[in-house]
Amino acid sequence: MARDAVLLSSLLLLFSAVPAFAVTDEIQVYTGEIMPVGEVGLTWHNNYAFDGLKTPDFPGGLVDSHTYSSVTEWALGVTPWFEAGLYLPLFTRSSNRDWTYNGFKLRALFVQPDNQDKDFYYGVNFEFSWNEKTWDSQVNTGEIRPIIGWRFGEDRRWSLTFNPILDNNYKGFSRLEFVPATRLDYRIDETWTVAAEEYDDFGELRGFLPANQQSHQLWGVVDFTGNPISVEGGLGFGLTSATDKLAVKVMLMSDLTGPHGLFAP
């Protein structure tokens, strides 16, 4: 317990030294686990680009470099196979603007029950976004995120998860944007897990972008599983000129009303 406390404190100290935390609300690979029925969970996402893109994606948009974005994600277990979620508030302090409110999202996650106990796990997540004009050039966007994963190795310590995400701008199937996310992790013990993650953006299905215009980012990640708060922290490194070169993420998670949550009975 003392070792875990020291390691957790070091992790928190490392990321709290960041002056403010890529302009995105969520840097996470979904592994198909959901809240138990009737329980509420909270994940606080914090992201910061130390060295990012210096031109906005569209006129009037936010610049990535030296920009902090954050959102609180609320989750409710509805059935053993369905979790509802709400991202609110989503806010940013960017290098070309002061603090801005950027909108909110609704989420519907459908999974195989008891995914956490399965060698092969799967599900699909749908998100529906309402965006402010500084966050996206389109008011309404969405996400279709299939979840496919395998556990393997001694004591099933290894996991490989693939999210072949399609971003939806509601302009037709060919205009869906392929932005997959992949995670390979190793569970050291019941408390600590290390992982490598990759986040990619190939462009629209009707024609992928040239290689030098695609976004590819590789992350080193450490997970701490604690009660009542768990922490995920990571550093991301851009692999192309169209990607933020160096970014950090910190996620704080708690099953608020669960047996080990912040508001446990």
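Quick caveat, the model's predicted, so the values are computed rather than measured.
Using the six-membered ring where Trp is involved, Trp158 and Tyr186 have ring planes that are tilted, between 30° and 60° apart. Ring geometry, Phe110 versus Phe126: the interplanar angle exceeds 60°, so the pair is classed perpendicular (tilted spans 30 to 60°). Using a 30° and 60° split on the angle between ring planes, Phe120 and Tyr122 fall in the tilted class, from 30° to 60°. Note: Trp99 and Tyr68 have perpendicular aromatic rings, judged against thresholds of 30 and 60 degrees for the angle between ring planes.
By the criterion of side-chain heavy atoms lying less than 4.5 angstrom apart, applied directly or through intervening Ile, Leu, Val, Met, Phe, Trp or Tyr residues, Leu42 is not grouped with Met251; the two fall into different hydrophobic clusters. Val78 and Trp81 fall within the same hydrophobic cluster, defined by Ile, Leu, Val, Met, Phe, Trp and Tyr side-chain heavy atoms under 4.5 Å apart, directly or through other members. Hydrophobic clustering keeps Ile165 apart from Phe208 (ILVMFWY residues linked when any side-chain heavy atoms are closer than 4.5 Å, directly or through intermediates). Hydrophobic clustering, with ILVMFWY side chains joined whenever heavy atoms are under 4.5 angstrom apart, keeps Tyr30 apart from Val179. Clustering ILVMFWY residues whenever any of their side-chain heavy atoms sit less than 4.5 angstrom apart, transitively, puts Leu62 in a cluster other than the one holding Phe58.
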Start with the C-alpha distance between Phe263 and Ser254, add both sets of side-chain angles, then the distance that settles side-chain contact (heavy atoms from CB on, under 4.5 Å), and finish with yes or no. CA-CA 10 Å; Phe263 305 108; Ser254 179; over 6 Å; no
Give the intermediate values and the outcome of side-chain contact (heavy atoms from CB on, under 4.5 Å) for residues Thr225 and Glu190. CA-CA 7 Å; Thr225 302; Glu190 297 303 315; over 6 Å; no
Run the side-chain contact (heavy atoms from CB on, under 4.5 Å) test on Leu176 and Glu204 for me, step by step, so that the C-alpha distance in whole Å, both residues' side-chain angles and the decisive distance to 0.1 Å come before the verdict. CA-CA 5 Å; Leu176 293 174; Glu204 295 178 348; over 6 Å; no
So Trp44 and Ser70, side-chain hydrogen bond (donor to acceptor under 3.5 Å, both in side chains) or not? Walk me through it. CA-CA 7 Å; Trp44 182 19; Ser70 179; 2.6 Å; yes
In sequence, state the C-alpha distance, the side-chain angles, and the governing distance for Phe202 and Phe178, and then conclude on ring pair (Phe, Tyr, Trp, His ring centres under 6.0 Å). CA-CA 6 Å; Phe202 289 90; Phe178 186 47; 5.6 Å; yes
Glu143 and Asn125: CA distance, side-chain angles, deciding distance, side-chain contact (heavy atoms from CB on, under 4.5 Å) verdict: CA-CA 8 Å; Glu143 174 188 282; Asn125 179 68; 3.5 Å; yes
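A salt bridge does not link Arg151 with Asp185: every distance from a Lys NZ or Arg NE/NH1/NH2 to an Asp or Glu carboxylate oxygen is 4.0 Å or more. Salt bridge present: Glu83 and Arg107 bring a charged side-chain N and a carboxylate O closer than 4.0 Å. Between Lys249 and Glu197 a salt bridge is recorded (basic side-chain N to carboxylate O distance below 4.0 Å). Salt-bridge annotation for Glu232 and Arg183: present, with a side-chain N of the basic residue lying under 4.0 Å from a carboxylate O of the acidic one.
When atom types are taken as modelled, the side chain of Asp244 and the backbone of Leu246 share no donor-acceptor pair closer than 3.5 angstrom. A donor-acceptor contact shorter than 3.5 Å links the side chain of Gln214 to the backbone of Leu209. Checked by atom type and distance alone, the side chain of Arg156 pairs as donor or acceptor with a backbone atom of Lys118 at under 3.5 Å. In this structure, Tyr199 contributes its side chain and Gln28 its backbone to a donor-acceptor pair below 3.5 Å. Panel note: side chain Arg145, backbone Ala181; no donor-acceptor pair is recorded below 3.5 Å. A donor-acceptor pair under 3.5 Å links the side-chain atoms of Arg157 to the main chain of Arg187, judged by distance alone. Using modelled atom types, one side-chain atom of Asp189 and one backbone atom of Trp192 make a donor-acceptor pair closer than 3.5 Å. Side-chain N or O atoms of Ser230 include one that pairs as donor or acceptor with a backbone N or O of Gly226 at under 3.5 Å. When atom types are taken as modelled, the side chain of Asp136 and the backbone of Gln138 share a donor-acceptor pair closer than 3.5 angstrom.
Of all the heavy atoms in Gln112 and Asn115, the pair that sits closest is NE2-OD1, 2.8 Å. Summarising the geometry of Ser159 relative to Tyr121, their closest heavy-atom pair is CB-OH, 3.7 Å, with the distance given to 0.1 Å. Residue Ser215 comes nearest to Ala242 through the heavy atom pair CB-O, 4.0 Å, listed as atom of the first residue, atom of the second, then distance. For the residue pair Ile147 and Leu109, the shortest heavy atom distance occurs at CD1-CD1, 3.7 Å. Closest non-hydrogen pair, Thr240 versus His216, comes out as CG2-CD2, 3.6 Å. Across every non-hydrogen atom of His45 and Asp25, the tightest pair is CB-O, 3.4 Å.
Residues Pro80 and Asp114 have side chains not in contact (no heavy-atom distance under 4.5 Å, counting atoms from C-beta outward). Residues Pro180 and Phe162 form a side-chain contact, since some pair of their non-hydrogen atoms from C-beta on lies under 4.5 Å apart. Between Leu90 and Phe104, the closest side-chain pair of non-hydrogen atoms is not below 4.5 Å. Under the 4.5 Å side-chain criterion, counting only non-hydrogen atoms from C-beta, Trp150 is not in contact with Asp119. By the 4.5 Å heavy-atom criterion applied to side chains, Val63 and Ser94 are not counted as neighbours. Side-chain contact between Phe173 and Leu205 is present, with at least one heavy-atom pair separated by less than 4.5 Å. With contacts defined as side-chain heavy-atom distances shorter than 4.5 Å, the pair Phe224/Thr191 qualifies.
Here the CD atom belonging to Glu177 is positioned 11.0 Å from the CG atom belonging to Asn168, to the nearest 0.5 angstrom. Taking OG from Ser69 and OH from Tyr48, the interatomic distance works out to 11.5 Å, rounded to the nearest 0.5 Å. Interatomic distance, Ile188 CD1 to Thr193 OG1, rounded to the nearest 0.5 Å: 7.0 Å. Here Glu127 contributes atom CD and Lys105 contributes atom NZ; the two are 3.5 Å apart, rounded to the nearest 0.5 Å. With values rounded to the nearest 0.5 angstrom, Leu53 atom CG is found 5.0 Å from Asp64 atom CG. To the nearest 0.5 Å, atoms OG1 (Thr243) and CG (Asp201) are separated by 8.5 Å.
A side-chain donor-acceptor contact under 3.5 Å links Glu73 and Tyr87. Between the side chains of Thr141 and Asn131, at least one donor N or O lies within less than 3.5 Å of an accepting N or O. Defined by atom type and a distance below 3.5 Å, a donor-acceptor pair is present between the side-chain atoms of Asn102 and Thr92. No donor-acceptor contact under 3.5 angstrom links the side chains of Tyr170 and Asn140, judged on distance only.
If you run side-chain contact (heavy atoms from CB on, under 4.5 Å) between Thr182 and each of Thr161, Val29, Asn163, Leu160, only Leu160 comes through.
Within a 6.0 Å radius of CH2 in Trp74, other residues, nucleotides and ligands contribute 12 heavy atoms or fewer. The number of heavy atoms from other shown groups lying within 6.0 Å of NZ (Lys54) is above 12.
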